[in-house]
Amino acid sequence: MSPRSSSHGRTAIRPKTVVIADDSVVVRGLFARWLGESGQFHVVAVAGDGEMAVEHATRYRPDIMVLDLDMPGLDGLAALPQIVRESPKTAVLLATTLTERNARLALQGMTMGAMDVLPKPESRAGMTLSLDFRSEFLLKLSSIAQSSHEALLPFSEVPPEPGLPSGIMDLRPLISMMPRYLVIGASTGGPRAVAKVLTDIGDGLQDLTTLVVQHMPPLFTASFAEQLSGQIGVRAREPFDGERLSRGTVYIAPGGRHLGIDRRLGHIVASIGDGPPVRFCRPAVDVLFSEAANHLGPAALGLVMTGMGSDGTDGAGALRRAGAAVIAQDEISSTIWGMPGSVVRARHASTVVALDGIGPAIRALVRGGSSA
């Protein structure tokens, strides 16, 4: 019987090949055992430093590489561009402990082509005994295995739309009033995609109050906001509870806490809470979108971007019922079409747009249709 066929004649799914690069023998062994027990992966090699990781990427061209940031000699961040160059179809999952320095480095790595980040427990006991960490590790690997890594390569072009220059999609038929708030939800692949959209909106951000839920742990979101501020030309930061929201600022949900919207003393303010996770997420896109629907209605414009899972689906439905439009990123340009795909399947998306087209379309909308 062919190794790719089951006893029932069905074609078996080929396990995804994985290289594990970590300077800890314990971590390498632990990850390899977990992946082997899952039945979905085949570990073809392990590496204890960046140079060996690059060699294995060149030799094996694995589907996935788990790459530790802190390794002797050539570290993970220095090895990453060589891995991407030698094996461009390898999806890289960065692994690192939670520190401000590592958060900045991991975000830099995602701009260089890494797909996602796995926060590692600081202690060996936390890593070996935590069922939550094992579950998160396998969930991230499984999601990456199901994704199309081509989404990390050059973005697709947008089909031309009549009436606007440079093939920019016209969003005006989708809205009942000009949106003043842009609410964004993203997960895996989001940091790079969100940064691109906000950069493409450009000076149109001055006309919008922008709120972003990006699934990230604590420390990472502050670094993400700092990184965005240097790219997009307006201030990006984490808000505090009760802060009055203003135009021309991008507000990033703090890692591990929900970001919502409230109305207090007649003003629209940020609401920061420690409520239970929604769809296993905190911060949750559903919380931001649902509260935007309650307090903003058609003055909000929703955007659901690349990410695993279905967070944002219920919130997108609430926005649509409140008269707001919702944009979903298309499948081809998404790293993982989980969240936007769920919104589309639930029929809560007003339109589906490729990543290259989202920012220009929003800018043209808020700037009155001009691309200049």
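- For Thr306 (side chain) and Gly190 (main-chain N/O), no donor-acceptor pair under 3.5 Å exists by modelled atom type.
- Side-chain atoms of Arg367 and Asp203, non-hydrogen and from C-beta on, do get closer than 4.5 Å to each other.
- Contact annotation: the side chain of Phe133 approaches that of Pro121 to within less than 4.5 Å [non-hydrogen atoms, C-beta and beyond].
- Between Ile358 and Asp200 the shortest side-chain heavy-atom distance does not fall below 4.5 Å.
- Within the structure, no pair that satisfies the ring pair (Phe, Tyr, Trp, His ring centres under 6.0 Å) test touches residues 197-224, not counting sequence neighbours.
- Taking 4.0 Å as the cut-off between side-chain N and carboxylate O, Lys89 and Asp63 do not count as a salt-bridged pair.
- Closest heavy-atom contact between Gly255 and Pro218: O-CG, 3.5 Å.
- Crowding of Glu100 atom CD: a count of heavy atoms from other residues, nucleotides or ligands under 6.0 Å not exceeding 12.
- Not counting sequence neighbours, the partners of Leu74 by the side chain to side chain contact (heavy atoms under 4.5 Å, CB included) test are Glu51, Val54, Ala78, Ala79, Gln82.
- Arg244 contributes no side-chain N or O that, together with a main-chain N or O of Val269, makes up a donor-acceptor pair within less than 3.5 Å.
- Contact of the Met115 side chain with the Thr188 side chain is registered, since non-hydrogen atoms from C-beta on lie closer than 4.5 Å.
- Relative orientation of the Phe31 and Phe137 rings is parallel, given thresholds of 30° and 60° on the angle between their planes.
- Of the inter-residue distances, the one linking Leu219 atom CG with Arg101 atom CZ reads 13.5 Å to the nearest 0.5 angstrom.
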Discussion item. For a side-chain contact (heavy atoms from CB on, under 4.5 Å) check, start with the C-alpha distance between Ile362 and Leu171, then their side-chain angles and the critical distance, and finish with the verdict.
Written reply: CA-CA 7 Å; Ile362 295 174; Leu171 300 177; 4.1 Å; yes
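- Among all heavy-atom pairs drawn from Ala270 and Pro239, the shortest one is CB-CB, 3.9 Å.
- Taking CZ of Arg347 as the reference point, atom CZ of Arg320 lies at 11.5 Å (rounded to 0.5 Å).
- The shortest distance between side-chain heavy atoms of Val92 and Asp116 does not fall below 4.5 Å.
- Under the salt bridge (charged side-chain N to carboxylate O under 4.0 Å, His left out) criterion, the residue pairs touching residues 24-44 are Arg33-Glu37, Glu37-Arg134, with sequence neighbours excluded.
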Self-check item: Residue pair Asp49, Asp23: steps toward the side-chain contact (heavy atoms from CB on, under 4.5 Å) verdict
Solution: CA-CA 6 Å; Asp49 57 51; Asp23 62 337; over 6 Å; no
Please assess Leu198 against Val250 for the test side-chain contact (heavy atoms from CB on, under 4.5 Å), listing each intermediate value before the final yes or no.
CA-CA 9 Å; Leu198 296 181; Val250 175; 4.1 Å; yes
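- Closest approach of Glu238 and Ala222 over heavy atoms only: OE2-N, 3.2 Å.
- The nearest pair of heavy atoms linking Ala324 to Gly297 is CB-O, 3.5 Å.
- Side chain of Ser87 to main chain of Ile83: no donor-acceptor pair is present (N/O by atom type, distance under 3.5 Å, no hydrogens or angles).
- Annotation: ring pair (Phe, Tyr, Trp, His ring centres under 6.0 Å) contacts of Tyr60 (sequence neighbours excluded): His56.
- Between Ala32 and Val43, the shortest heavy-atom contact is CA-CG2, 4.0 Å.
- No donor-acceptor pair under 3.5 Å is formed between the side chain of Thr17 and the backbone N or O of Pro62.
- By the side chain to side chain contact (heavy atoms under 4.5 Å, CB included) test, Ser223 pairs with Ala103, Arg104, Leu107, sequence neighbours left out.
- The main-chain N or O of Arg247 is never found under 3.5 Å from a side-chain atom of Gln206 such that the two would form a donor-acceptor pair.
- Counting heavy atoms from C-beta outward, Met305 and Val194 have side chains that approach closer than 4.5 Å.
- Partners of Lys16 according to the salt bridge (charged side-chain N to carboxylate O under 4.0 Å, His left out) rule, which considers only residues two or more places apart in sequence or in another chain, do not exist here.
- Counting side-chain heavy-atom gaps under 4.5 Å among Ile, Leu, Val, Met, Phe, Trp and Tyr, the cluster of Val326 also holds Tyr181, Val183, Leu211, Val213, Leu245, Tyr251, Leu259, Ile261, Ile268, Ile272, Val285, Leu288, Phe289, Leu296, Val304, Leu319, Met339, Val343.
- Note: Leu67 CG to Leu118 CG = 12.0 Å, rounded to the nearest 0.5 Å.
- With contacts defined as side-chain heavy-atom distances shorter than 4.5 Å, the pair Pro217/Leu98 qualifies.
- When the shell of 6.0 Å around CD of Glu122 is examined, it contains 12 or fewer heavy atoms from other residues, nucleotides or ligands.
- Note on residues 259-279: pairs passing salt bridge (charged side-chain N to carboxylate O under 4.0 Å, His left out), not counting sequence neighbours, are Asp241-Arg264, Arg257-Asp274, Asp262-Arg264, Arg279-Asp286, Arg279-Asp314.
- Between Asp311 and Arg282 there is no salt bridge, since no side-chain N of the basic residue sits under 4.0 Å from a carboxylate O of the acidic one.
- With hydrophobic clusters built from ILVMFWY side chains whose heavy atoms lie under 4.5 angstrom apart, Val18 shares a cluster with Trp34.
- Note: the hydrophobic cluster containing Leu174 also contains Met178 (ILVMFWY, side chain heavy atoms under 4.5 Å, direct or indirect links).
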| Going through the distances and angles, do Val84 and Met112 end up as a side-chain contact (heavy atoms from CB on, under 4.5 Å)? | CA-CA 8 Å; Val84 171; Met112 295 162 60; over 6 Å; no
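- Side-chain N or O atoms of Gln329 include none that pairs as donor or acceptor with a backbone N or O of Leu355 at under 3.5 Å.
- Under a hydrophobic-cluster definition in which Ile, Leu, Val, Met, Phe, Trp and Tyr are linked whenever side-chain heavy atoms come within less than 4.5 Å, directly or via other members, Met52 and Val66 are assigned to different clusters.
- To the nearest 0.5 Å, the span separating CE on Met65 from CD1 on Ile144 amounts to 12.5 Å.
- In this structure, OG on Ser38 lies 6.0 Å from CG on Leu138, to the nearest 0.5 angstrom.
- Between Thr97 and Asn102, the closest side-chain pair of non-hydrogen atoms falls below 4.5 Å.
- Summarising the geometry, atom CG belonging to Leu303 is positioned 8.0 Å from atom CD1 belonging to Ile201; distances are rounded to the nearest 0.5 Å.
- A salt bridge links Lys120 to Asp68: one of the charged nitrogens lies within less than 4.0 Å of a carboxylate oxygen.
- For Asp330 and Ser333, the side-chain atoms include at least one donor-acceptor pair closer than 3.5 Å.
- Listed by chain and number, the hydrophobic cluster partners of Phe280 come to none, as no ILVMFWY side chain reaches under 4.5 Å of it.
- Cluster partners of Val344, by chain and number: Trp337, Val352. The rule joins Ile, Leu, Val, Met, Phe, Trp and Tyr whenever side-chain heavy atoms lie under 4.5 Å apart.
- Within the hydrophobic cluster formed by Ile, Leu, Val, Met, Phe, Trp and Tyr side chains joined at under 4.5 Å, directly or through other members, Val287 is accompanied by Val278.
- Between Cys281 and Ala284, the shortest heavy-atom distance links the atoms O-CB, 3.5 Å.
- In the model, Ser342 has a side-chain atom that pairs as donor or acceptor with a side-chain atom of Thr313 under 3.5 Å.
- Under the side chain to side chain contact (heavy atoms under 4.5 Å, CB included) criterion, Ser290 pairs with Ala318, sequence neighbours left out.
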